[in-house]
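One structure below.
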Amino acid sequence: MSNQILRRAGLFGASASAAVVASVATAGPASAEVPNGWPVAEEMTASGLLLLILLIPVIATVVISLVVLLPGVLRGEGLLPKPHKPDNDNLPATH
């Protein structure tokens, strides 16, 4: 029985290796040239990079937070959860 398992594992490993080698061998090099007729992109400035990396995610976070929190605030629930008041019915009498 273990011989059969080893044979299947070897067959699976060989098949997986062949698939990886075939996909790598047949992959052509990527062409990084701009197609004819397309405008050439300008260099990105530092302020553009900061806008892309910092400002856009911060704005998205604020918008998502408002979408989630605003309905509860408008209903009067507030931003913080209300403190839980435990029921004293389950406690023994302390006379």
key: Cluster check Leu54, Leu49: I/L/V/M/F/W/Y, side chain < 4.5 angstrom   =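 Same cluster: Leu54 reaches Leu49 through Ile, Leu, Val, Met, Phe, Trp or Tyr contacts under 4.5 Å.
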
Interatomic distance, [X] atom [atom1] to [Y] atom [atom2] [nearest 0.5 angstrom]:
X: Leu50; Y: Ile56; atom1: CG; atom2: CD1; value: 11.0 Å
X: Leu51; Y: Ile59; atom1: CG; atom2: CD1; value: 7.5 Å
X: Arg75; Y: Leu70; atom1: CZ; atom2: CG; value: 10.0 Å

inquiry  = For a quick test of reading the model, state the closest non-hydrogen atom pair linking Leu66 to Pro71 and the distance between them.
reply    =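 Closest pair (atom of Leu66, atom of Pro71, distance): O-CD, 4.1 Å.
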
query = Can you name the nearest heavy-atom pair linking Met44 to Leu52, along with the distance?
reply =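 Closest pair (atom of Met44, atom of Leu52, distance): CE-CD2, 4.1 Å.
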
